[in-house]
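Note that ligands are numbered from 1 as they come in the structure, with each ligand's atoms numbered from 1 the same way.
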Amino acid sequence: MKEIILAKVGEIALKGLNRKNFEDMLLKNIRKKLHPLGRFEAVSSQSTIRITPLDDYIDMDDAALALSRVFGIVTFSRACVTEKDIDKIKAAAKEYLSDIFSENVSFKVESKRSDKKFPYGSPEISKIVGGFLADEFPNITVDVHNPDVTVTVEVRDYAAYVHASVEEGAGGLPVGSGGKAAILISGGIDSPVAAYMMAKRGLALTAIHFASPPYTSERAEEKVASLLELVSEYAGRIDMYTVPFTRIQTEIQKNCPEELFTIIMRRLMMRISNIIAQNTGCQALITGESLGQVASQTLGALACTDEAAEMPVFRPLIGMDKKEIIAISHRINTFETSCLPYEDCCTVFTPKHPKTKPKTDLVRSAENCVDWTDMINEAVENAKITKIGCDNC
Ligand code: ATP
Ligand code: MG
């Protein structure tokens, strides 16, 4: 029996003149995501995307899992396809639902007739199909208020569809529809969650990771790449720039007051990230900072860091508690990897008493004791690029 997937778009349906652009981007992302599983047709009509497998060997469980990670889809249902004929719809429903209806369950039928030429109205379709199913499966009962199973019959432009479950999609907007931004990623819990959250709002991602060998190890870099692999399940292809940061950190340590190490380091991270972001078509930076979490994340410290950034800095976790951030990291499967015990360049050079209310002009003059230009350019030039996610993503 032919099974397809019907995916409902959320916010996209509310877009005005731009709607087609969002829809096209979503269709492109769906096709890329499903490409490794076989050939599919994906067509959009009436706020629903119909996804039809074209190869017999396609595993629809895998297809459903892949689609659950595509931003822009709010809900989706696996459905059987049949001709727009009431007897065919009844027969298809009987065959398609035979597994679920082998149990003692209660059910109701809801119908949507978007093809107004179909001779039965929605309430009539529900009545006919519901009555038929109740006769065919003596162990099931009708419950219109609180049913175990809601069967939906949709009579649409080219065919009729029957389904019995609605799964939660990833929500948000299609990746790429909002432009591109650079995520500053450590191996911690927060930054992969921040990356996921901004991809969910439609941003394609480039990733920037600062490494300070030999103080930070290759294993620490591999951990960041593994985290990005998990994020790319949702965000698609990501280029990871690993920036050598040892020389800059050593010079900060030699030349700047200890209490300002972290804030100056973060400003230099921003200056380097600006350049990489601009070179890669990004229009914003993203960090995993949350207000007050550590000394470098007080309001004063964030303002001082922002002053070194030449583009908007998005901090999607700014108002979240650690507990809330961890809940998301569990959901997107990054938590365990984030907890692997590898060092980060930020923690290797931490001062004992960092300034929590740094004055930007004082920080700037302490920073200006050194001309950083050549070191910044050297760091950018020597950044190593790793491609994360599949080529088609
Ligand atoms: P995370 O859990 O993501 O490591 P954190 O709570 O440990 O965050 P910090 O170490 O202060 O916080 O870092 C704050 C933010 O700075 C991170 O979320 C990330 O965006 C960025 N960051 C920290 N270390 C690095 C690094 N080595 N490379 C790139 N960005 C970094
Ligand atoms: Mg960290």
Does Gly288 reach ligand 1 with a nitrogen or oxygen that is under 3.5 Å from one of the ligand's nitrogen or oxygen atoms?
-> yes
Location of contacts on Ile183 toward ligand 1, heavy atoms closer than 4.0 Å = neither
Enumerate the atoms of ligand 1 whose separation from the nearest heavy atom of His209 is less than 4.0 angstrom.
-> 26 (C), 27 (N), 28 (N), 29 (C)
Side chain of Glu381, backbone of Glu378: donor and acceptor closer than 3.5 Å?
-> no
Ile208: numbered ligand 1 atoms lying under 4.0 Å from its heavy atoms | 29 (C)
Does the ring centre of Phe107 sit less than 6.0 Å away from the ring centre of Phe137?
-> no
Within-cut-off N or O pair, Asp190 and ligand 1, under 3.5 Å = yes
For atom 21 (C) of ligand 1, the option (of Glu289, Met269, Arg266) bearing the nearest heavy atom | Arg266
Under the 3.5 angstrom rule, does the side chain of Asp85 hit a backbone N or O of Lys88 as a donor-acceptor pair?
-> yes
May I ask you to decide if Asn377's main-chain N or O and Trp372's side chain share a donor-acceptor pair within less than 3.5 Å?
-> no
For ligand 1, which atoms have a heavy atom of Ile185 less than 4.0 angstrom away?
-> 26 (C), 28 (N), 29 (C), 30 (N)
Can you list the ligand 1 atoms lying under 4.0 Å from a non-hydrogen atom of Val294?
-> 11 (O)
Return a yes/no value for Ile189: is any of its N or O atoms, backbone included, closer than 3.5 angstrom to an N or O of ligand 1?
-> yes
Give, for atom CE of Met1 and atom CD of Glu3, the distance between the pair rounded to the nearest 0.5 Å.
-> 9.5 Å
Electrostatic pair Lys8-Glu154, nearest N-O below 4.0 angstrom = yes
Do any nitrogen or oxygen atoms of Phe210 come within less than 3.5 Å of a nitrogen or oxygen of ligand 1?
-> yes
Determine which pairs satisfy salt bridge (Lys or Arg N to Asp or Glu O under 4.0 Å) with at least one residue from residues 274-290, sequence neighbours left out, and list them in order.
-> Arg266-Glu289, Glu289-Arg315
Would you kindly check if the NZ (Lys) or CZ (Arg) of Lys15 is within the cone defined by 45 degrees around the ring axis of Phe22 and under 6.0 Å from the six-membered ring centre?
-> yes
Identity of the nearest option to atom 11 (O) of ligand 1, non-hydrogen atoms only, from Arg315, Gln297, Glu221 = Gln297
Does Lys90 make a cation-pi contact with Phe132 (under 6.0 Å, within 45 degrees of the axis)?
-> yes
What atoms of ligand 1 come closer than 4.0 angstrom to any heavy atom of Thr287?
-> 20 (O)
Ligand 1 to Ile286 polar contact by distance, N or O atoms, under 3.5 Å = no
